[in-house]
Asks: 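Before I ask anything, here is the structure I am working with.
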Amino acid sequence: MSYDKCVRCGSCLQFCPMFDATGEEQFSPRGKAYLLQVMDQIEDDKELAKEFRRLLFECSLCGRCEETCSSGVDLLKVWHEQRAKAIETHPEEFAYLEPLKDALANVKNIYGLAAEDRAIYWLDELEDDIPGLADRVYEKGKTTENIIFLGCLMSFRGSQIDVLRSLFQTLEKLEIDYLVMGAEENCCGHPLYLMGNEKGAQELREHNKKVIKAAGAKRVISCCPGCLIQLREHHNLEGVETLHHTQFFDRLLDETKKHDQKEEFSYHDPCELHRILKIKTEPRSLIRKMGIEFKEMDLSCCGGGGLLRMTDPNLSDKIIQLRVAREGVKNTTVITACPSCREQLLGQDLKTKDIVELLSETLDGGAN
Amino acid sequence: MKLRDVVIGANASIYYKLNFKKIKGVYYPRVEQDVLAAIAHAQQNGLTVTPKGGGSGLSGACTGGNDERIMISTLQMKEILSVSKDQGYIDVQPGITPDKINEFLTPMGLRFFVAPSSRDVATVGGVLSTDGGGNDTWINGTMRDNTIRVKMILYDGRSLTVDSKGVKSNDLGLEENLNKKGMTIHDVANSHGTLGFITELRLLIRPTVKEALMGGLTEFPDCNVLGKALQNMIEKKIKINYGEAITEAHPDVREDLKPPLHVIEFPVELESEVREIVDFRRLDSKELARMKDVRVKLPKRNPKVGIQVALFEDYGFYDTSLIKLQDGIDTINALLIEHGMTPFAKYGHGPSKWYSGDNSPTYGLILHSREIKPEGKQSQDVYDTVLAIVDICDELKVTPKPEHKWPFSDEVKKKRLEEIRAVIGRGFNPFLLSPECNDILGSMV
Ligand SMILES: Cc1cc2nc3c(=O)[nH]c(=O)nc-3n(C[C@H](O)[C@H](O)[C@H](O)COP(=O)(O)OP(=O)(O)OC[C@H]3O[C@@H](n4cnc5c(N)ncnc54)[C@H](O)[C@@H]3O)c2cc1C
Ligand code: SF4
Ligand code: SF4
């Protein structure tokens with residue numbers, strides 16, 4: 001077992017957002033690895049074992065512990081495996097996740113909304129701004145070089161509409177051959193993966209894989225790092241490149257016009273983007289090409305990952321609130337590149353922009 | 001029982017299988033008042049008190065043994081209270097780490113010069129309680145040399161301020177008694193949480209002097225030659241700002257290292273003096289940074305098969321044992337192998353400094369050690385190995401007498417702690433000084 005390799009040195013404590021927010025060791029990676037090491041002494045105590053299972057879901061799966069650990073403990077793998085085991089052995093304790101699982105099984109999105117509505121809300125909103133957008137939605141028989149995988153958040157949440165508008169406007173302006181998966185898109189499976197439910201996730205992926213293949217796409221582009229993890233690591237898309245939108249645009253544009261910067265920016269790098277997918281250079285390179293000056297925020301978690309918003313919304317809020325207070329970003333616009341981080345930032349009434357919003361403004365000749 | 005009572009046992013030593021039922025309360029105070037309340041609860045309920053810092057200590061002292069006890073963690077007492085650039089001090093709470101202090105001081109051109117490899121997690125309260133030091137202890141001293149004074153809360157709730165001259169307390173009788181005993185900061189250093197709870201420290205800080213430094217790497221045919229080189233550096237009092245030796249490393253973590261080797265950094269103008277002792281290869285800043293990183297990570301790395309454990313921290317080689325370093329290591333390794341352990345890595349600070357139980361300084365090489373524990377090895381076997389190491393170190397005059405991190409086998413220090421505890425009370429970490437200490441630790445491996 002990989003957790004046996006934990007030498008309990010404590011180096012990961014200071015980096016864990018859960019420990020930071022709660023101040024107590026049981027929330028820390030060392031604490032949880034230790035609990036696994038002494039499990040034989042405590043598992044007979046039903047209450048303790050139950051508390052431990054709950055603790056496994058009080059983690060944003062940000063991966064910072066694994067990155068810090070010099071002892072080779074695959075902490076993320078451990079957390080995933082333990083989560084799967086917890087749900088499998090004690091499903092009754094995770095009844096609150098059932099509606100999500102049902103929604104994903106029935107309508108293939110996390111909101112339980114009709115599957116065919118996946119391209120309805122944003123299309124209604126954006127069709128006037130972007131003529132011909134309806135033709136960009138994938139249907140059987142259509143093919144394209146680049147297929148856009150929006151993911152559930154961007155497909156259904158009104159708070160994401162500005163990012164979508166900028167994404168499509170930028171693609172149009174740069175005359176990119178693209179289609180959006182639309183109603184043919186299933187959830188990428190990430191939420192199930194975060195619960196350790198590999199089988200359920202695999203069913204969702206199979207359909208996506210077929211659509212991407214049928215569209216003859218050379219590239220799948222997503223703005224969502226969580227979706228991208230699934231597309232890149234788990235969809236097994238042979239011969240199809242999987243790119244974050246910042247990678248796609250950064251590679252495409254050697255240079256851009258300069259952004260008419262009128263506000264102070266800070267950059268929150270999404271954990272799943274830089275730490276798990278290791279996409280670090282392109283987002284920054286793209287921002288720099290636009291001549292934007294920005295302050296780097298701590299490479300820490302916003303509290304929105306690992307299903308934490310569902311499993312412990314108070315803790316999730318506390319994490320982002322601590323960061324906002326500590327990093328003095330209240331008067332800046334926080335640049336990010338993840339719909340889930342965006343939700344967290346908006347939840348604190350912070351001004352936030354996705355990198356593609358800045359790009360769209362820049363291509364338009366200046367900021368709004 | 002809650003998980004917070006179990007998880008407080010997490011610590012870097014091999015003593016981590018605690019009897020959790022004996023833990024009757026876990027506290028994470030933020031201010032002195034919280035500490036007082038926790039200690040009062042312990043006193044009223046006849047429980048002992050164990051302070052815990054980062055839990056990076058390797059002696060098992062922060063576990064509290066098997067007493068019915070409360071555990072007080074300092075992980076939430078991590079504030080910087082004040083800083084005086086002119087007078088060269090910083091006041092801090094006990095749970096802050098050297099790294100965090102230096103993160104704060106660096107922009108001011110100041111530094112706190114205590115750098116254990118665990119400086120990212122070890123707390124200053126813990127470092128003073130083990131009198132820790134790092135790769136620059138040779139020139140900057142151990143934690144006690146860098147601590148101006150501490151405030152402590154005793155088991156009965158009274159408080160003390162202790163510095164290098166003596167003790168102050170608002171209880172004048174207690175102050176007089178302790179001053180009669182000659183209690184100073186030396187007694188708090190290396191006391192392993194047996195006296196009281198440190199709530200505040202005033203630490204020495206100094207300007208960072210811009211020095212032109214040179215990095216070097218020397219590979220040695222064997223450790224005796226390395227030991228002689230270190231002894232030479234000590235005798236000639238050469239200012240080595242950074243000195244780290246790696247005497248052996250298992251193939252799984254050896255990479256391109258060729259131990260025994262010694263990595264040093266020293267003022268450029270001393271090059272010829274250093275060359276007279278060792279024929280080092282110059283390291284550019286990148287190579288030096290890499291070697292420093294390798295060294296910091298070595299204690300944490302694991303073999304491909306099995307897991308590493310730290311059976312015995314801090315072999316102190318000095319005088320004759322330093323000159324016969326290889327012979328000493330061979331004997332220790334033979335003992336390890338005889339007990340079924342595989343030597344994994346040995347590395348440490350040298351030249352270095354530490355204090356004996358009578359508070360006299362000793363100079364030599366502080367060698368840390370990691371071993372691979374075979375699957376299924378019984379706890380008692382492992383602990384028997386530790387005890388056998390203690391004995392063999394005694395014979396070899398290896399472990400500094402009295403030992404650096406082992407108050408329970410350090411008779412002079414133990415006697416001194418008992419003397420002070422007779423005045424201030426015995427409610428803190430009593431297991432360390434009890435005759436059963438070995439049995440208790442043995443049961444927790
Ligand atoms: C990877 C690694 C590398 C290391 N490298 C070094 C090194 O280079 N040099 C070195 O000297 N050591 C080293 N150590 C050992 C360890 O880091 C030190 O012993 C350190 O000083 C312990 O500090 P801590 O805060 O973790 O204390 P803990 O382990 O929590 O406690 C140590 C002792 O201090 C007592 N204590 C803690 N806080 C207080 C307080 N506020 N009041 C009273 N008593 C208190 C505890 O009761 C216990 O007896 C290393 C350890 C590891 C795991
Ligand atoms: S950094 Fe790794 S070895 Fe150290 S406590 Fe954390 S998980 Fe364990
Ligand atoms: S994944 Fe992130 S939140 Fe979870 S234990 Fe590791 S550092 Fe903490």
Side-chain angles (χ1 to χ4, degrees), chain A residues 1-16 18-56 58 64-75 298 326, chain B residues 1-14 16-21 26-28 30 52-58 71 73 75-78 95 97 99-100 117-123 126 252-253 293-294 296-304 306-310 370 373 375:
Chain A
M1 289 296 176
S2 153
Y3 56 75
D4 276 344
K5 292 190 164 197
C6 168
V7 297
R8 302 172 303 281
C9 68
S11 285
C12 52
L13 285 191
Q14 55 171 327
F15 294 111
C16 173
M18 304 304 127
F19 176 66
D20 185 38
T22 60
E24 299 209 352
E25 272 238 42
Q26 66 271 26
F27 291 91
S28 74
R30 174 173 76 175
K32 286 182 282 185
Y34 175 67
L35 288 170
L36 286 165
Q37 291 180 344
V38 296
M39 196 47 86
D40 56 335
Q41 278 178 264
I42 58 169
E43 64 195 345
D44 290 343
D45 183 325
K46 288 202 169 81
E47 282 308 308
L48 286 186
K50 187 173 173 186
E51 200 187 337
F52 180 67
R53 288 190 289 275
R54 192 174 60 235
L55 209 53
L56 289 167
E58 284 170 321
R64 213 160 178 206
C65 46
E66 181 166 319
E67 183 184 57
T68 315
C69 181
S70 308
S71 303
V73 189
D74 299 338
L75 288 153
D298 190 11
R326 204 177 282 156
Chain B
M1 198 165 49
K2 292 266 178 212
L3 282 184
R4 68 196 296 275
D5 306 329
V6 175
V7 93
I8 196 73
N11 78 98
S13 78
I14 53 173
Y16 70 97
K17 298 242 169 192
L18 282 62
N19 178 357
F20 303 112
K21 294 202 172 80
V26 172
Y27 297 83
Y28 290 91
R30 287 181 187 270
K52 186 182 176 200
S56 68
L58 295 150
M71 308 275 296
S73 163
L75 287 178
Q76 294 309 314
M77 291 184 89
K78 50 184 184 185
T97 62
D99 270 359
K100 284 284 171 211
S117 314
S118 51
R119 57 192 171 270
D120 58 335
V121 55
T123 63
D252 287 357
V253 288
D293 188 54
V294 166
V296 166
K297 290 186 175 147
L298 207 49
K300 303 175 188 172
R301 295 190 55 194
N302 269 301
K304 288 185 182 134
I307 47 169
Q308 60 112 318
V309 291
R370 296 291 188 273
K373 183 173 83 91
E375 286 274 330

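Residue numbers begin at 1 in each chain, while the letters A, B, ... track the order of the sequences.
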Asks: Look at B:Leu18, B:Val296, B:Ile8 and state which one has the largest set of heavy-atom pairs under 4.5 Å with chain A.
Replies: B:Leu18

Asks: Are A:Glu24 and B:Lys2 within salt-bridge range, i.e. N to O under 4.0 Å?
Replies: no

Asks: Would the distance check show the side chain of A:Glu25 and the main-chain N or O of B:Val7 forming a donor-acceptor pair, the cut-off being under 3.5 Å?
Replies: no

Asks: Which of the residues B:Gly9, B:Gly55, B:Ser118 is involved in the greatest number of heavy-atom pairs with chain A at under 4.5 angstrom?
Replies: B:Gly9

Asks: Do you know which of A:Gly72, A:Cys69, A:Gly31, A:Ser11 has the most heavy-atom pairs under 4.5 Å to chain B?
Replies: A:Ser11

Asks: Roughly how far, to the nearest 0.5 Å, is the OG atom of A:Ser70 from the NZ atom of B:Lys297?
Replies: 5.0 Å

Asks: Closest heavy-atom contact between A:Gly23 and B:Gln76?
Replies: CA-NE2, 2.9 Å

Asks: Hey, could you give me the OG/CG distance between A:Ser71 and B:Asn302, rounded to the nearest 0.5 Å?
Replies: 5.5 Å

Asks: Nearest 0.5 angstrom please: B:Glu375 CD to A:Asp4 CG, how far?
Replies: 8.0 Å

Asks: Run the salt bridge (charged side-chain N to carboxylate O under 4.0 Å, His left out) test against B:Lys17 and tell me which residues pass, sequence neighbours left out.
Replies: A:Asp40

Asks: Tell me whether A:Lys5 at atom NZ has more than 12 heavy atoms from other residues, nucleotides or ligands lying less than 6.0 Å away.
Replies: yes

Asks: Answer with side chain, backbone, both or neither: which region of B:Asp120 has an atom nearer than 4.5 Å to a non-hydrogen atom of chain A?
Replies: both

Asks: Applying side chain to side chain donor-acceptor pair (under 3.5 Å), can you list everything that pairs with B:Thr97, at least two apart in sequence or on another chain?
Replies: none

Asks: Could you look at A:Leu48 and say if it's the side chain, the backbone, both or neither that has a heavy atom under 4.5 Å from chain B?
Replies: both

Asks: Checking heavy atoms, do the side chain of B:Leu298, its backbone, both or neither come under 4.5 Å from chain A?
Replies: neither

Asks: As an exercise, state the distance from CZ of B:Phe20 to CG of A:Asp45, rounded to the nearest 0.5 Å.
Replies: 12.0 Å

Asks: Return the option, out of A:Gln14, A:Gln26, A:Gln37, with the maximum number of heavy-atom pairs under 4.5 Å with chain B.
Replies: A:Gln26

Asks: Which one of A:Val73, A:Val38, A:Leu13 has the most heavy-atom pairs closer than 4.5 Å to chain B?
Replies: A:Val38

Asks: Distance check, rounded to the nearest 0.5 Å: A:Ile42 atom CD1 versus B:Leu3 atom CG?
Replies: 5.5 Å

Asks: By a 4.5 Å heavy-atom criterion (distance strictly below it), what part of B:Ser13 contacts chain A: side chain, backbone, both, or neither?
Replies: backbone

Asks: Which is it for A:Glu47 and B:Met1 under the side chain to side chain contact (heavy atoms under 4.5 Å, CB included) test, yes or no, and what are the steps along the way?
Replies: CA-CA 9 Å; A:Glu47 282 308 308; B:Met1 198 165 49; over 6 Å; no

Asks: Taking all atoms of both residues into account, what is the closest heavy-atom pair of B:Ala12 and A:Cys9, and its distance?
Replies: CB-CA, 4.2 Å

Asks: Between A:Tyr34 (side chain) and B:Tyr16 (backbone), is there a donor-acceptor pair under 3.5 Å?
Replies: yes

Asks: Non-hydrogen atoms of chain A under 4.5 Å away: do they reach the side chain of B:Lys21, the backbone, both or neither?
Replies: neither

